[in-house]
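Working notes for the structure below.
What you see below is based on every heavy atom in this structure, not just the backbone, and it leaves out hydrogens, waters and symmetry mates. The residues of the chain are indexed from 1 along the displayed sequence.
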Amino acid sequence: MKNTEKYTRQYFPAPSIQMKWAEKNYITKPPVWCSVDLRDGNQALMVPMNLEEKLEFFKLLVDIGFKEIEVGFPAASETEYKFLRTLIEENLIPDDVTVQVLTQSREHIIKKTFESLRGAKNAIVHLYNSTSVAQREQVFKKPKQEIIDIAIAGAELFNKYNAEEGNKYRFEYSPESFTGTEPEFALEICNAVLDVWKPTPDRKVIINLPVTVQVSMPHVYANQVEYMSENLKYRENVLISLHPHNDRGCAVADTEMGILAGADRVEGTLFGNGERTGNVDIITVALNMYSQGVDPGLELGNMPRITEVYERVTRMHVYDRTPYGGKLVFAAFSGSHQDAIAKGMKWREDHTCRYWTVPYLPIDPQDVGREYETDVIRINSQSGKGGIGYLLEHNYGYVLPSKMREDVGYTVKGYSDRSHKELSADEVRDIFRNEYINLETPVNVIDCHFVRNSDSIKAIITIDAPEGHVDVSARGNGRLDAVSNALKKYLGIEYSNLTYSEHALSVGSSSQAATYVSVTFEDGKISWGAGVHDDIIFASVNALVSAINRKLLSK
């Protein structure tokens, strides 16, 4: 690409860091989660949510289990102000949920923000001002001390207005554009704010370290977080919060490494909605923890409902490959993947398994409200015998012999290839029924009787022939062998190696039997057929006739 020379590093590595976070292999406990869907997420929508939609989304967030929810920038617009007042006046905020509001460090905005909160039982008031080199030089055109003065002035106003409300609210401060700020300066301004607020054990302060624009690799951010965590004043009374955006596609990595580096809290959104490339996706971070055996403290067991509400009220689409929530994230089209999943599921049925270890599935899809039959095994021209056999067995009760699964697999894949589309489970079932079960063309056996003597069984079969009903008889060492010999006699054909298996249908009518038969013809080709009937003998005859008919039709 051209013009690479106009780009340079926009971040500042943290000084004197030992990278203690890098020695940790996993997160041991969840952070405090704060949803910013209704502020940061909402302001990024092409059509922001109306009051009713925001109320529905707020309820969804409460149901999921968020205890801190940023509800807006109430001084920014009448809609934002009205939404917060509706929540308070209609008593829609549960006692264990804290609402959060955002404000710039400007007196009239701070004053209106505190006015909007009157009557709220629990609230966090979030102060921010930009601190990066680019913002200081290009936007505010102020030296460092004047930027610090802006933050201190806002912090002092917080104390003033909070005192008028009985000191009932908690405080949060963000050095906006933290990742483009010298870590030493970020530390200086945060400590200056903390000196004004003087956090205590029962009124801790949140210091939020936003990745307002992602400008570095995740480990650089983790080092910056570790530096702040080890050098902030009042650290035991400070909650370090993360607010990563996703410009480089690393928001989840920033968050996970930031937690290892000392963060106590995470601000993000469902499915990563937000400005530009979005915020960190809290669902992904939470379920990543879940997949490692850590309870994230959020209820994400009904992902279809969460997705439905999110898409409807935001008018955004959850990408099909979005981790955990996308429609295809558990789907396996590849034949080898399907086979491994099917065998893994069978392993779990046959063994007492403490841990989830099914190949290709990092978590159990049912834990997030997804189904194996519709969400995991998906059939197209790339699919294989394992997945197709799994669907037929678990959805419809057909337990195909291993060799027959391969034959049926090629047949189903052929349909998908010719139609250039994915096949639904019902379409797979219909193909199997139409191609293998109880085939009556060109040969149709409509009845059979048996006579046993001391050393053999005689079968008399009635065939619906073009010239009318024809009775044909033959002997064999069993009923199916006798029927087979009668068919050979009538059709003038030869085949060998007749195989047979049967079972009661486990799905649908339990009174019906399913049988599967294969025969090997003189050209060496094997033909499979299936039979379903209330009578096991007629089911086996139907399977044999179906196998013969499939061979005759293939000529």
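- Donor-acceptor pairing under 3.5 Å is lacking for the side chains of Asn395 and Tyr390.
- Atom NZ of Lys142 sits about 13.0 Å away from atom CZ of Arg136, to the nearest 0.5 Å.
- Minimum heavy-atom separation, Arg348 to Cys353: NH1-CB, 3.6 Å.
- The local environment of NZ in Lys24 is crowded, with over 12 non-hydrogen atoms from other residues, nucleotides or ligands closer than 6.0 Å.
- Under 3.5 Å, the side chains of Gln292 and Asn288 contain no donor-acceptor pair of N or O atoms.
- Ion pairing of Glu267 with Arg265 is present here, as a side-chain N (NZ or NE/NH1/NH2) and a carboxylate O approach within less than 4.0 Å.
- Judged by distance alone, the side chains of Tyr173 and Asn129 do bring a donor and an acceptor atom under 3.5 Å apart.
- Expressed to the nearest 0.5 Å, how far NE2 of His126 lies from OG1 of Thr113 amounts to 12.0 Å.
- Pairs passing the salt bridge (charged side-chain N to carboxylate O under 4.0 Å, His left out) check and including a residue from residues 36-49, sequence neighbours excluded, read Arg39-Glu70.
- The salt bridge (charged side-chain N to carboxylate O under 4.0 Å, His left out) with Arg312 is formed by just one residue from the set Glu52, Glu56, Glu53; it is Glu56.
- Ion pair Lys144/Glu188 not flagged as a salt bridge, since none of the NZ, NE, NH1 or NH2 atoms sits closer than 4.0 Å to an Asp/Glu carboxylate oxygen.
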Check your understanding: Step by step, would you call Leu361 with Trp356 a side chain to side chain contact (heavy atoms under 4.5 Å, CB included)?
Key -> CA-CA 9 Å; Leu361 297 178; Trp356 176 264; 4.0 Å; yes
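- Tyr234 and Pro199 make their closest contact through CB-CG, 3.6 Å (heavy atoms, listed as atom of the first residue, atom of the second, distance).
- When atom types are taken as modelled, the side chain of Ser132 and the backbone of Thr181 share no donor-acceptor pair closer than 3.5 angstrom.
- No side-chain donor from either of Asn246 and Thr277 sits under 3.5 Å from a side-chain acceptor of the other.
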Exercise for review: Step by step, work out the side chain to side chain contact (heavy atoms under 4.5 Å, CB included) result for Asn162 and Arg203.
Suggested key: CA-CA 12 Å; Asn162 197 36; Arg203 270 192 80 237; 3.2 Å; yes
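- Judged by distance alone, the side chain of Asn231 and the main-chain N or O of Tyr227 form a donor-acceptor pair under 3.5 Å.
- Across all their heavy atoms, Tyr360 and Ala340 have their closest contact at CE1-CB, 3.6 Å.
- One distance of note links CD1 of Ile27 with CD1 of Ile259; it measures 4.0 Å at 0.5 Å rounding.
- In this structure, Arg305 pairs ionically with Asp63, as a charged nitrogen and a carboxylate oxygen lie closer than 4.0 Å.
- When side chains are defined from C-beta on, Thr314 counts as touching Phe57, because their heavy atoms get closer than 4.5 Å.
- With a 4.5 Å cut-off on side-chain heavy atoms, Phe83 and Phe58 count as touching.
- Ser130 is not listed as a side-chain neighbour of Val139, based on a closest heavy-atom distance of 4.5 Å or more.
- With hydrogens and angles ignored, the 3.5 Å screen pairs a side-chain donor or acceptor of Ser105 with a backbone N or O of Ile150.
- Inspection of the Tyr290 and Asp367 side chains reveals an N or O donor paired with an N or O acceptor under 3.5 Å.
- The backbone N or O of Leu328 sits less than 3.5 Å from a side-chain atom of Arg321, completing a donor-acceptor pair.
- Atom CD of Glu164 has more than 12 heavy atoms from other residues, nucleotides or ligands within 6.0 Å.
- One N or O on the side chain of Gln338 and one on the backbone of Ala332 form a donor-acceptor pair closer than 3.5 Å.
- Salt bridge Glu89/Arg85: present, at least one basic N to carboxylate O contact under 4.0 Å.
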Check your understanding: When you look at Ser216 and Thr179, which way does the side chain to side chain contact (heavy atoms under 4.5 Å, CB included) test go after all the steps?
Key -> CA-CA 8 Å; Ser216 71; Thr179 46; 5.5 Å; no
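- Side-chain N or O atoms of Glu68 include none that pairs as donor or acceptor with a backbone N or O of Val32 at under 3.5 Å.
- Within 6.0 Å of NZ on Lys82 lie no more than 12 heavy atoms contributed by other residues, nucleotides or ligands.
- Taken from CD in Gln43 to CE in Met49, the straight-line distance is 11.0 Å, to the nearest 0.5 Å.
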Practice item. Test side chain to side chain contact (heavy atoms under 4.5 Å, CB included) on Leu45 and Asn42 and set out the steps. Key: CA-CA 5 Å; Leu45 298 175; Asn42 185 60; 3.7 Å; yes
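- Heavy atoms only, all atoms of each residue included: Ser229 and Ala261 are closest at CB-O, 4.0 Å.
- Remark: Arg370 is not positioned above the aromatic ring of Tyr324, lacking an NZ or CZ atom under 6.0 angstrom from the ring centre and at most 45 degrees off the axis.
- Between Trp347 and His351, the angle of the ring planes stays under 30°, which puts this pair in the parallel group of the 30/60° scheme.
- The existence of a salt bridge linking Lys54 and Glu80 is confirmed by a sub-4.0 Å separation between a basic side-chain nitrogen and an acidic carboxylate oxygen.
- Between Phe114 and Tyr169, the ring planes are tilted. Angles from 30° to 60° get that label.
- For Tyr11 (side chain) and Met217 (main-chain N/O), no donor-acceptor pair under 3.5 Å exists by modelled atom type.
- For the side-chain contact (heavy atoms from CB on, under 4.5 Å) with Ile207, the lone residue among Asp264, Leu194, Leu239 that qualifies is Leu194.
- Looking only at distances, no side-chain donor or acceptor of Arg235 sits under 3.5 Å from a matching main-chain atom of Glu230.
- Counting heavy atoms from C-beta on, the side chains of Arg315 and Met46 never come closer than 4.5 Å.
- Residues Phe171 and Val193 have side chains not in contact (no heavy-atom distance under 4.5 Å, counting atoms from C-beta outward).
- With hydrogens and angles left out, the side-chain atoms of Asn122 and Thr98 include no donor and acceptor closer than 3.5 Å.
- Here Ile64 contributes atom CD1 and Lys59 contributes atom NZ; the two are 11.0 Å apart, rounded to the nearest 0.5 Å.
- When atom types are taken as modelled, the side chain of Asn279 and the backbone of Asn273 share a donor-acceptor pair closer than 3.5 angstrom.
- Atom-to-atom distance recorded for Tyr128:OH and Thr212:OG1 is 10.0 Å, nearest 0.5 angstrom.
- Although no hydrogens or angles enter the test, the distance criterion places a donor-acceptor pair under 3.5 Å between the side chain of Glu226 and the main chain of Trp21.
- Between Ser174 and Glu172 the shortest heavy-atom distance is OG-OE2, 4.1 Å.
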